[in-house]
Every structure is written in C-alpha cells, then in structure tokens.
J.: 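Before I ask anything, let me first share the structure, which is written out below as structure tokens.
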Amino acid sequence: MITDWHILCFSGWQAINGAPIMKTAFAVWNNRIAPVFDAARRVIMVESEAAGGNAQTPVLLTGDQPLQKVQQLADLGADSLVCGAISRA
C-alpha cells in the first residue's frame, strides 16, 4: 500500500539516472522563510531524491518583479515553491 502511494507521489518528479528527483525552492528573507515571495531576493533550491538524499543550492533571484522571479524558478526546474504568501499583481 505505501509503495503504491510513493509511486503516485513521485510520478511527476524528474528522473536523473533513473532516480526520481524533486526540486523545491524555499524563498528566503532575513534567514527565514519569506513571509511574502515578493520580498525574497534569494531561494534555497533543495533537490530531494526518492532514496532520501538531498542537495541544497542557494540561488540569487535576479528579477525585480514576481513574474521574473517565477520565470527564473521555472528555468531552474523548480517543482514547488515554499513561502508565506504571494501578492496579487
């Protein structure tokens, strides 16, 4: 039963060398999770493997507008974003 759940969970992940990978961007502001994505100037990209390993990479967000930041995250292959909120345009 648990194995079936994991297969569904990992089905959307990228695969590198056959191992599923999920890339999550953690928006950072003042060394904490950013309360609002708009205020974040950097993210920590965490690549998690199904086998339990992970790698963390700090990334400077170069855009000033939220859509520019989102495009940069998409270009980096982020599957999800963790932050407090995202302002409306």
Side-chain angles (χ1 to χ4, degrees):
M1 181 75 169
I2 292 176
T3 304
D4 295 338
W5 179 84
H6 283 290
I7 290 170
L8 290 174
C9 183
F10 295 136
S11 65
W13 288 15
Q14 301 171 359
I16 296 176
N17 297 327
I21 300 287
M22 182 171 190
K23 292 183 180 180
T24 304
F26 291 85
V28 178
W29 178 81
N30 223 13
N31 292 324
R32 297 175 185 224
I33 295 295
V36 180
F37 179 61
D38 309 30
R41 297 301 300 163
R42 63 188 180 99
V43 296
I44 304 295
M45 291 293 294
V46 177
E47 297 182 29
S48 302
E49 296 181 13
N54 67 49
Q56 300 180 18
T57 306
V59 176
L60 180 65
L61 296 173
T62 56
D64 290 327
Q65 301 299 316
L67 288 178
Q68 294 170 322
K69 294 176 184 181
V70 168
Q71 183 61 54
Q72 185 177 357
L73 293 179
D75 292 345
L76 291 169
D79 297 303
S80 57
L81 168 66
V82 176
C83 64
I86 298 175
S87 296
R88 290 185 178 194

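Computed from a predicted model, the values in this text were never measured in an experiment.
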J.: Only pairs under 3.5 Å count here: list side-chain donor-acceptor contacts from residues 62-76, not counting sequence neighbours, and write none if there are none.
T.:
from: T62; atom 1: OG1; to: Q72; atom 2: OE1; distance (Å): 3.4
from: Q68; atom 1: OE1; to: D64; atom 2: N; distance (Å): 2.9
from: Q68; atom 1: OE1; to: Q65; atom 2: N; distance (Å): 2.9
from: K69; atom 1: NZ; to: D38; atom 2: O; distance (Å): 2.7
from: K69; atom 1: NZ; to: A40; atom 2: O; distance (Å): 2.7
from: Q71; atom 1: NE2; to: D75; atom 2: OD1; distance (Å): 2.8
from: Q72; atom 1: OE1; to: T62; atom 2: N; distance (Å): 2.9
from: Q72; atom 1: NE2; to: L60; atom 2: O; distance (Å): 3.0

J.: Testing V59, T24, T57 for side-chain contact (heavy atoms from CB on, under 4.5 Å) with V43, which one passes?
T.: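 In the set V59, T24, T57, the residue that makes a side-chain contact (heavy atoms from CB on, under 4.5 Å) with V43 is V59.
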J.: Enumerate the side-chain hydrogen bond (donor to acceptor under 3.5 Å, both in side chains) contacts for residues 26-37, please, sequence neighbours excluded, ordered by first and then second residue.
T.: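 For residues 26-37, and leaving out neighbouring residues, the side-chain hydrogen bond (donor to acceptor under 3.5 Å, both in side chains) pairs sorted by first residue read N31-R42.
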J.: Quick check: closest heavy atoms across S87 and V36, and the distance to 0.1 Å?
T.: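 Result for this residue pair: OG-CG1, 3.6 Å.
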J.: Taking the hydrophobic residues Ile, Leu, Val, Met, Phe, Trp and Tyr, and joining any pair whose side-chain heavy atoms are under 4.5 Å apart, which ones share a cluster with I33?
T.: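 Listed partners: F26, V28, I44, V46, V82.
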J.: Any sub-3.5 Å donor-acceptor pair from D79's side-chain atoms to K23's backbone N or O?
T.: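 Yes, D79 side chain to K23 backbone: donor-acceptor pair under 3.5 Å.
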